[in-house]
Every structure is written in structure tokens, then in C-alpha cells.
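Only a predicted model underlies this, so the values are computations on that prediction, with no experimental measurement involved. Each chain gets a letter, A, B and so on, in the order the sequences are listed, and its residues count up from 1.
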Amino acid sequence: MGVEETLKKYSWILPLIQKADRATRAVIMKNFRQKKTNFFPEGEFNADVENLINCMLCPNMCRFDCGTLVASQNESMSPAYKARIGYYLTMGIIDPADSANKEFINLMYKCTNEENCKIWCPFDFSVVSLLETVRDDLNDEGLMPDYCKQQISKLNKTNTIEDYNIFETYKEKGIENIESDGNDDVFYYIGCQSMKFPEVVKANIEILKKAGIKFSTNLDKKVCCGGPAFNIREMETAKKFARKNKELIESTGAKIIISDCPGCILTLTERYEKAGIKIEKEIVHIVQYFRKLIDEGKLRFEKSIPEEFRKITIHDPCLIARNLKDTESIRMILNKIPDLEIIEPMYNKEYVHCCGWSGTAHWADKDLAIREAQNRINELKETGANIFISACPLCELGLAYGIDETEKEKYNILDISELLIKAL
Amino acid sequence: MDFKEFELIYKDNRCEIKDKQKIESKLKEIVGENNISTNDVDILAYSKDSTLIGMNWTIQGKIAGLPDFITWPETVEQISEILKLANKEKIPIIPFGEGSGVVGGAIAIYGGIIIDMKKFNKILKINDKNLTVTAQTGINGMNLERILNSKGYTTGHIPQSLYISSLGGWIAHRAAGQFSTKYGKIEDIVLGMEVVLPQGEIINFKTIARASTGPQLDKLFIGGEGTLGIVTKATLKIWPYPAKRTLISYVFPSIEDSFEAIRQILREQIYPAVVRIYDQFETMRHFPDIDKAKDKVMVVFICEGNSKLVDLEESITREKSEKNSGVDCGEHPVEHWLESRFRITETSSMPPYKIVFDTIEVASLWENASDIYHSVLKSMKQLQGVIMITAHVSHFYPNGVGIYFSFGGVPTKEQSDLEFYQKCWNTVVKAVLDAGGSIAHHHGIGINRAHWMESEWGTSMNTLKEIKKLLDPNDILNPGKVYVDTWKGGEK
Ligand SMILES: Cc1cc2nc3c(=O)[nH]c(=O)nc-3n(C[C@H](O)[C@H](O)[C@H](O)COP(=O)(O)OP(=O)(O)OC[C@H]3O[C@@H](n4cnc5c(N)ncnc54)[C@H](O)[C@@H]3O)c2cc1C
Ligand code: SF4
């Protein structure tokens, strides 16, 4: 709620205060004056205390749609409680430096960044954006949890969040590397998690080639976008990766940057910009680009695909649906494929439920993330489809955790590119 | 953590658990390792419900009650076993739904074992022919409703807390939804139940449209507030999703005119799903942009269902409103209500200024409604520190109404916020009783109103206490709520 809206909303209370007796008015005025002394920490802090307070005192209006709460069925996972703990850590009511309070610190990381909360929140909050401000203070105090430190250390050592530089594996995975000549139309920005799905990357490269696009991948120089460091709020590392990526992207000369990972897009755009490192390029998800190519008549998916791939449901990646606010590109493309039966899950488009694998939750509590993945898989299974289509490597990783070993044969999680290639 | 950092509000008469480890391992045997916790982070999460004074405590680093164990049973047998253990060891049990209760019902005031019902969250059956849904009672209201909506049905039970409350909590507190004038309150909607009694016995009430099979014992558990049994399963009425919805609003010169219009509408057996009267203050608060509403009483109506019926309801609603000096205000105020009804920000905005804010809903026959409204306003205005006392009326019957008061104020220098809060509550409740009303319409009794139960029930309270004693001889199920004088120092 903006200031103007807030003032309007509470304007009715002013005449009532004016009408009160002197002693009451004096108490109210004192309380208004002393709000900060009473309820804000002393000294310098990064935490968004004002809004942590708003959230912790909310009756948890978004609780029914919070993936971690639904997965755990535990009050401690509720959004308002996370804000409450964030507030208590900030105020020192719970001492963050006391090792006995580690679990309270961990709670600040048990969020999947899915932002369902934002749909229902009367303040338009996404809980993670509040928790990130608490993480900033924890980092300043040297209290970053070990599982976060490990990710930062991997980033600095391998340029990815693996124990090795996953981009270097392209040859053994049979992925073609296309070096930039500094004059590309498009730069295909492959996410480091996408490298775990070589068939997806290969399909995307083939589709782009079929459409006659002049593009590069620069896999020899590729590094992670730095998204994990932004999640952890280790801003030094985050900015280092932002600078590296800006340089790499700008060196290609490409006008359009496309990525197969919605997390990379969020990082390359909004997050870099907030960190003061703006890339002046059009950066879109690959499905948005494919849609454009279809509209321009450069791509046609006219071949009938094998029967076992025809009954599909869509798992919208939350970052495409809620951050890029685009739920139509995926559907528009899929609708072009002949003979497909698309069955929508009950929670779809901007109301999609998370795969469990975004944000920091899967590091802080892997079991929790798996349960969230299982919940989502159950919702997808309810459609009766056997093919689950997504467009995000993290969704594909998370959802895979959600499928029971005994059902791995029956259900198939595919990136949209893997289906498209069959119809090309 | 021993929680010494936090001031504990309910700290007297805590149950003494000598061998906590023994109890913990027994609970583990019953519900499994993963369904019990004594971790600080979980214990603190279950230290409050949504009682509004609790929001002031939260920001001040105080906690209401401190449970010893949190459990998440997954079967009715596990609940039964926990209750048997609690009886043997004399440990309080506190059923917990979604914690949206506003009278302290789910607070572990003496410590003990929380039974969180969240894992009882499945819809078991939807029967189109009978128009029923059977569900486990830990299911969140919105999750139940949106699944029903996706299949073309509604329960019609849409409390403002739909997003934050459970079916079990609705049954426990005899809840009422915003569309209740048409669809009824929860007691009209529940057709059958499974209940675990305080000593662990599991009983079932047959699902039936209506029967003449002796006293309706099941009704004892609707409003039982988790003191007489734990409801584990319920069958509810459902309705096809309404085909038509008409939005109507009128402003009236006074609350009496609005009462009279609505009384006449219901007398014709016309039941708009939503009827909401806002008194002058609340009209100013919620509809500041509507010129016609200045200094007036706004009433919004929603008629819904079969379109022919809706048209008839609309015409009679308009006729009676206009006959009672109502002026048509169009659809906009109703749209505004529909858009904003779940956008609750008040609970967050008051505590940073140490304002004590709460709502108290009471019930009355038509003949007392106006008296109750005015006498509550009058007595609250005399109370030092009170800066606002307003009301809306949103539950109607051919015979009477539920009036919903909101108050806000600040304690004087000598008072704690709890003392001021209790004084406000007692002032409202006393005025209501003196004017012939009933002390609660749909939020229940919990801690806040327990000490008024004798005044409300008279000698019949003895019978209720006997029933409690019979079912729960060790007083293990949600002690300190409903039957006893819980508030210390609060004057009546
Ligand atoms: C913003 C807001 C708006 C509200 N609007 C409304 C409204 O429109 N209408 C209305 O009626 N109420 C309303 N309430 C009050 C509250 O939502 C209801 O009382 C609700 O029924 C409580 O449900 P819960 O699941 O949150 O219960 P909890 O708060 O968890 O528990 C409430 C009581 O029920 C008991 N209980 C819980 N589950 C069970 C079970 N399965 N078996 C036996 N006992 C059980 C608990 O022990 C406790 O005594 C509102 C509250 C808030 C905060
Ligand atoms: S995110 Fe918004 S809706 Fe959710 S608990 Fe916080 S304030 Fe309430």
C-alpha cells in the first residue's frame, strides 16, 4: 500500500483522536512519536523492520498457498511467523549470535522464492523479499549458514554452484559450442542448471538453427549468473558475477539475449539492475523468443509427435508466470503442435504451485523441498496426463525429486524444447 | 532456549511434566519421529492464536502460552492414543487448526500437548446426488472451497478468515460466514461428524439430512471449542455454484431504518446471501469516496443463486429498502467490499502505536438490536482511553441479528494493555447482557468470554459443566477455556 492510499485508508481515525480527552490524546501522540524508539532496533541495520512488523502481525492471509507451509504442515513455516522471527533476530530478542538459535536463523532461508504470497498479500509483499533484508544483517554479522557459505565457495572456485565447472562438460555431453564472432543476433544464455539437461540444450540449439538464427553460446567462457549469491545476499560475489556476465554478454554484440532458465533472466535483469549493473539488452525466456519466431513464420511445429507424448499437462515455472507475467507463450507454442491433448492442472498460470527447487529452501531443508515437489507432482498427476511440461531446469530438477521411484517409468518430466524438437 | 527472553502472559498453574523425555518418546511411538517436536522454533510458533491483543504482545516480545510438545497426528487412532496418554499422565491437550481463533481457544495456557490437525487435510468424498462433501477437519477453508469451486460447488461458508481457518476450527467455534444469511451458519451446514472423545473413544454421527433419533448429541460438538472432543471428519452440505449474482447497495438515514428494511425483507422469506450494515462510523471508514453515504448508514446486499429467484429477491430487497428511506447506491460499494474483504491490514497497523484494537460480535433478537447497539456505544464512549467504537451487522435471521463491534484505544498510565483490553471487553459484554443480548455470535468463548458464561447460561451452565466432567473427568481437553473463570483480575 502506498503512502497516499494508507493516509486515505486511515483518515477516518483522525477525527476520532481529536475527539478523545486530553490524557488519551497525550498517550496516543506519545505512542506515535515513540514508535521507532519502542519497536525499531538501535544503530544501523538492513532489515526492513517496518514491513517485517506488518507481516508478522498479519493473520497469515497467504498461508493456504505457501508451499513450504503446505509441505510441512507446521506453523513455524507460516509466512507471518518467518517475519516474526526475522523481527526478533533483528531486535536481538532472539540472539542471532547464540549457536543454540541456529534453527531460527535457518528459518530465514526456508523459502522457495515462489512468491505465491504476493498474490494474496494485502501489502503486496513477497515474504522472501523481507527475509532477504534479514539475511543482509546476518551476513554483516558473519552469521551466514554453512550451506550458504558452501554455495558461495563453489561459485568462487568453479564459477558454478557445482563442485566442478559444469560448463566445461559440454563436449562430453555432446553439446555444440558456438563461439561468438562479436556480431550475433542472439546470444543463447545457457543456465548452469540447464547443463544438467543436455537434451534440452541440444534441442534448443537445433530449434534456433532450424529457424535460421545467427546465435552463439560461448560455453568456454560461460559462468553462473550469480543467482545463488543474490539469494544468499552475498553481494560481493553477486556483483562479481554480474560484472563478468555483463562483459560476456556485451562482447557477443547480440541484440537479444535468450535463456532457458527463468532464474537467470530474473538475475540478469531486475537483480543486476538493483545492484547497479544494468545490461542494456532485451533479455527474454526462450519460450518467449520461440513464440516470436512462430509469429514471424520462422518456426513451424507441424510434425505429429509419438503417441506416448501426446497427453500433457503444463507446470508453469513460477518465475515465468509471476515474475515475467507470461503464461501465454508456453500455451501458444504447445497449441501449435498437432494432436496434443493439453490438460491444465487445477493450480496453473499465475496460481501455479512451486516445484520446491527455487530459492534457498532446498539447501536449508532438502526434505522440505522434496515434500513440496511431491505435492506438485500429485497435482500434475491428478490431470491424468503422463507428460509434465515445464520450461525451467530448476523445476525439472525439483519435480524429478517428487516422483516416486516406482512411477518414474509412467511419468515423464520434459522441458518444452524436448517436445518441440519432436514436432519440428 | 528456555524462552526467558519472552514475557509469558499465561504462566500460572502450568502443568508439571516430570519426565518430559518419557512423554516425548511415548508420543514418538504413537505418531512417529517426524510428527512430534519439542524444538524451540516449533514451540514458539504455537505460542499464540489470532487474538488481537496477542498482536500487541507479539511486537512487544511477549508470548501468550507455551506448549511443551507439538504433535501432528495422521490418523484418528493416533489422536485417540495421544488422548489416552494425556489422561494417564494428566497433561493438557490443545487442538490446533489454523490458529485464526480470536478468543484464545488454541493457546496452551497451562502448557501441554498441541494436537495440530493440519495433516487431516483431505477431501474424502464429494457426492453430487446428496450434495455433500466429506473432508478431514484440518483442511484449510480456502483450499476446501477452491477445490469445490473447481468442480462447480460451494459450501456457501465464506468467513472473512476463509484463507486462514480450518473446518475443525469452524465447527469448534460455531463459525458463521459472510454469505450466511442464505447458506446458514456452520451448524446448518454440518450433516455428520467423526469425533474423538477426551478419553480416546472414537464416535461417529451418521450423515443424514434429518432424523428423529433422540436428542441431537452431535450438536454438542458444534461449538465444543475443542473441550469435549476432537472433530476429525465432517460431512457438509454443498450447493451448485450460483448461476447469478446481483449486487445491490442502499444508504439509510439511521441504523434503525436499515434494521427495519432488512427485518421486513427476511419476513418475506427473502434471504440475500450477503447483507451487511455499516454504522455511520464504519460507512465513513469504508466508503469515504461515496458522497451519498456521508453521515449515512451503508447496507450492501448480494443476492445469488437461480436467476429467477435472484430477480425476485432483488425486487423485494429494493422495495423494502426504499420503503424504509433507503437511497440506491449502485453496485460500486458491493464491488468494493468484494475486492477488499480479505485485504486485512488493521491487525498490523495498530500495535506499533500501542493501540489496543479488537472486535466483539454479539447476538440479539430484533426487539433488542437497536438498544444493544446504542448502549454498547454509550458505555464504551464513557471508558477512558477508548477512541473508537463502531459496528457493522452482517448476520441476519427472521428473528434477530449478530452485531459486530470494533473498538480501539490506549491504556491509561496506570493500566497494562491487557487490563485495558479486559475492561473494554467487559464493558461491551455487560452492556449487551443488560440490554438482553447474547455474549457471542460466532467467534466463540475461549479464554476471553469464559468468565461470562454463568451470566449467559444461568443455571443451565451447571448441566454443561456436568457434561464436561462426564466426558473429560481429568479436564485434559483444552482446559481453561469455556467453563472456567480464566481472566485473572478482570472485573465483571
Ligand atoms: C481476520 C479474521 C477474520 C475472521 N473472520 C471470521 C468470520 O467471518 N466468521 C467466523 O466465524 N470467524 C471468523 N474469525 C475467527 C476464526 O477464524 C474462527 O474462529 C475459526 O473458526 C477458527 O478456525 P481455526 O482453524 O483457525 O481454529 P484455531 O484458532 O486453530 O482453534 C480455534 C478453536 O478450535 C479448536 N479446534 C481446532 N480444531 C479443532 C478440531 N478439529 N476439533 C476440535 N476442536 C478444534 C481449538 O482448540 C480452539 O479452541 C476470524 C478471525 C480472523 C483473524
Ligand atoms: S506475506 Fe502478506 S499475506 Fe502473507 S503473512 Fe505476510 S503480510 Fe500476511
Side-chain angles (χ1 to χ4, degrees), chain A residues 1 6 8-13 15-17 19-21 23-25 27-28 31-32 34-35 38-39 50 53-65 69-70 72-78 81 84-85 87-88 91 93-95 98 100-101 103-104 106-107 120-123 346-347, chain B residues 1 5-6 37 39-42 44-46 50 55 58-61 70 72 96 98-100 116 118-119 121 138 140-143 146-147 150 161-164 281 284-286 288-289 340 342-345 347-355 384-388 408-413:
Chain A
M1 220 175 5
T6 313
K8 205 165 125 198
K9 184 156 187 199
Y10 294 108
S11 61
W12 58 273
I13 211 167
L16 297 175
I17 296 174
K19 262 195 238 157
D21 62 76
T24 305
R25 260 199 335 260
V27 176
I28 294 171
N31 291 351
F32 268 74
Q34 294 189 343
K35 173 179 154 184
N38 288 335
F39 299 118
E50 182 89 30
I53 291 176
N54 279 327
C55 184
M56 78 172 176
L57 301 178
C58 165
N60 254 320
M61 291 307 285
C62 60
R63 64 175 304 136
F64 65 96
D65 223 16
L69 175 54
V70 174
S72 62
Q73 302 296 354
N74 183 333
E75 279 298 309
S76 72
M77 223 45 80
S78 74
Y81 183 67
R84 183 178 168 200
I85 298 307
Y87 177 71
Y88 288 166
M91 294 295 288
I93 296 173
I94 294 175
D95 180 3
D98 182 343
N101 294 334
E103 268 310 304
F104 289 104
N106 284 341
L107 199 58
W120 312 102
C121 178
F123 298 97
M346 182 178 157
Y347 301 105
Chain B
M1 187 189 262
E5 302 80 343
F6 299 91
S37 175
N39 295 341
D40 294 341
V41 73
D42 296 327
L44 188 60
Y46 289 83
S50 298
M55 303 299 177
T58 295
I59 193 172
Q60 293 163 21
I70 318 294
W72 295 267
F96 198 103
E98 295 276 71
S100 74
D116 190 351
K118 285 191 194 53
K119 292 199 176 172
N121 61 356
N140 171 287
M142 176 61 165
N143 287 334
R146 58 184 179 167
I147 290 171
S150 76
S161 56
L162 182 74
Y163 296 179
I164 55 172
F281 296 101
M284 187 164 78
R285 181 175 151 195
H286 294 285
D289 295 337
S340 58
F342 298 125
R343 299 187 76 77
I344 297 162
T345 52
T347 60
S348 304
S349 53
M350 308 285 180
Y353 303 109
K354 296 191 173 181
I355 292 174
Q384 186 165 22
V386 171
I387 50 174
M388 64 162 278
V410 285
T412 51
K413 271 191 187 131

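- Checking side-chain atoms of A:Tyr81 against main-chain N and O of A:Glu75 turns up no donor-acceptor pair under 3.5 Å.
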Derivation of the side chain to side chain contact (heavy atoms under 4.5 Å, CB included) call for A:Met61 and A:Trp120 | CA-CA 7 Å; A:Met61 291 307 285; A:Trp120 312 102; 5.7 Å; no
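- With a 4.5 angstrom heavy-atom cutoff, A:Met346 touches chain B only via side-chain atoms.
- Between chain A and the residues B:Phe6, B:Tyr46, B:Phe96, the most heavy-atom pairs under 4.5 angstrom are made by B:Tyr46.
- Formation of a donor-acceptor pair under 3.5 Å by the A:Tyr347 side chain with backbone atoms of A:Asp65 is not found in this model.
- The parts of B:Ile147 that come within reach of chain A are both its backbone and its side chain, each placing non-hydrogen atoms under 4.5 angstrom from that chain.
- The candidate from A:Arg25, A:Lys35, A:Arg63 with the greatest count of non-hydrogen atom pairs under 4.5 Å with chain B is A:Arg63.
- Ring to ring, A:Phe104 and A:Tyr88 are not that close: their centroids are 6.0 angstrom or more apart.
- Of the listed residues (A:Ile17, A:Asn38, A:Asn106), the greatest number of heavy-atom pairs within a distance under 4.5 Å of chain B belongs to A:Asn38.
- Under a 3.5 Å cut-off, the side chain of B:Ser37 and the backbone N or O of B:Ile70 do not form any donor-acceptor pair.
- A distance of 7.5 Å separates SG of A:Cys58 from CD1 of B:Ile164, quoted to the nearest 0.5 Å.
- Within the 4.5 angstrom heavy-atom criterion, only side-chain atoms of B:Met142, from C-beta onward, approach chain A.
- For B:Asn39, no part lies near chain A; criterion is any non-hydrogen pair under 4.5 Å.
- B:Leu44 touches chain A through backbone and side chain together, each having a heavy atom under 4.5 Å away.
- Side-chain atoms of A:Gln34 never come within 3.5 Å of backbone atoms of A:Asn31 as a donor-acceptor pair (strictly under, hydrogens ignored).
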Side chain to side chain contact (heavy atoms under 4.5 Å, CB included) between B:Glu5 and A:Ile94, intermediate numbers included = CA-CA 7 Å; B:Glu5 302 80 343; A:Ile94 294 175; over 6 Å; no
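- With a 4.5 angstrom heavy-atom cutoff, A:Phe32 touches chain B via backbone and side-chain atoms both.
- Using a 4.5 Å cut-off between heavy atoms, B:Ser100 makes no contact with chain A at all.
- Listed options B:Glu98, B:Met1, B:Met55, B:Met388 were ranked by heavy-atom pairs under 4.5 angstrom with chain A; first place goes to B:Glu98.
- Residue contact with chain B, scored on non-hydrogen atoms closer than 4.5 Å, is absent for A:Cys62.
- Atom OG1 of B:Thr412 is separated from atom CG of A:Asp21 by 10.0 Å, given to the nearest 0.5 angstrom.
- Looking at A:Asn54, the atoms closer than 4.5 Å to chain B (heavy atoms on both sides) sit in the backbone and in the side chain alike.
- With a threshold of 4.5 angstrom between heavy atoms, A:Asn101 approaches chain B through side-chain atoms but not through N, CA, C or O.
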Apply the test side chain to side chain contact (heavy atoms under 4.5 Å, CB included) to residues B:Ile59 and A:Tyr87: give CA-CA distance (whole Å), side-chain angles for both, the deciding distance (0.1 Å), then the verdict.
-> CA-CA 9 Å; B:Ile59 193 172; A:Tyr87 177 71; 3.9 Å; yes
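- When A:Asn74, A:Leu107, A:Asp98, A:Ile85 are compared by the number of non-hydrogen pairs under 4.5 Å with chain B, A:Asn74 comes out ahead.
- When each of B:Val41, B:Asn140, B:Ile387 is scored by its heavy-atom pairs under 4.5 Å with chain A, the top score falls to B:Val41.
- Note that NZ of B:Lys118 is 6.5 Å distant from CG of A:Leu69, once rounded to the nearest 0.5 Å.
- In this structure, chain A has heavy atoms under 4.5 Å from both the backbone and the side chain of B:Thr347.
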